[in-house]
> 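One structure coming up, written as structure tokens, with questions to follow.
Numbers here simply count residues along the sequence, with the first being 1.
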Amino acid sequence: MSKKWLKAAGIRALKTVAQTAVATIGTTATLGGVDWTMVASTAVLSGILSILTSVAGLPEVSKEDGE
């Protein structure tokens, strides 16, 4: 794994975590009704899945770049 791959995979995972958190929070009618434990665990799991998916390849990182 190159530095470029790690950076691209990390950025992709962080975006996925943020999008998942927004979607999970958005399913609640009020801020007080948000299950923050569920939001955190769902977001972390999505980040892990994003990293695992990135192992198959990232379009941002070409084969010539050391991937």
> To check you understand the geometry: which heavy-atom pair defines the closest contact between V17 and A43, and what is its length?
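Result for this residue pair: CG2-O, 3.2 Å.
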> Quick one: closest heavy-atom pair of I25 and W36, and the distance?
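Looking at all heavy atoms of both residues, the closest pair is CD1-CZ3, 3.6 Å.
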> Would you say the side-chain atoms of T42 pair up with the backbone N or O of V39, donor to acceptor, closer than 3.5 Å?
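It does not hold such a pair.
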> Closest heavy-atom contact between T24 and M38?
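Between these two residues, the closest heavy atoms are CG2-CE, 3.6 Å.
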> Measuring from atom CD1 of I11 to atom OG of S54, what distance do you get when rounded to the nearest 0.5 angstrom?
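Nearest 0.5 Å value for the CD1-OG distance: 11.0 Å.
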> So does S46 get a backbone contact from the side chain of S50, meaning a donor-acceptor N/O pair under 3.5 Å?
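Here the side-chain-to-backbone pair does not exist.
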> Taking atom CG of L14 and atom CD1 of I51, what is their separation to the nearest 0.5 Å?
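If we round to the nearest 0.5 Å, L14:CG and I51:CD1 are 10.0 Å apart.
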> V61 and V55: same hydrophobic cluster, using ILVMFWY side-chain contacts below 4.5 Å?
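Yes, it is one cluster - the side chains of V61 and V55 are joined through contacts under 4.5 Å.
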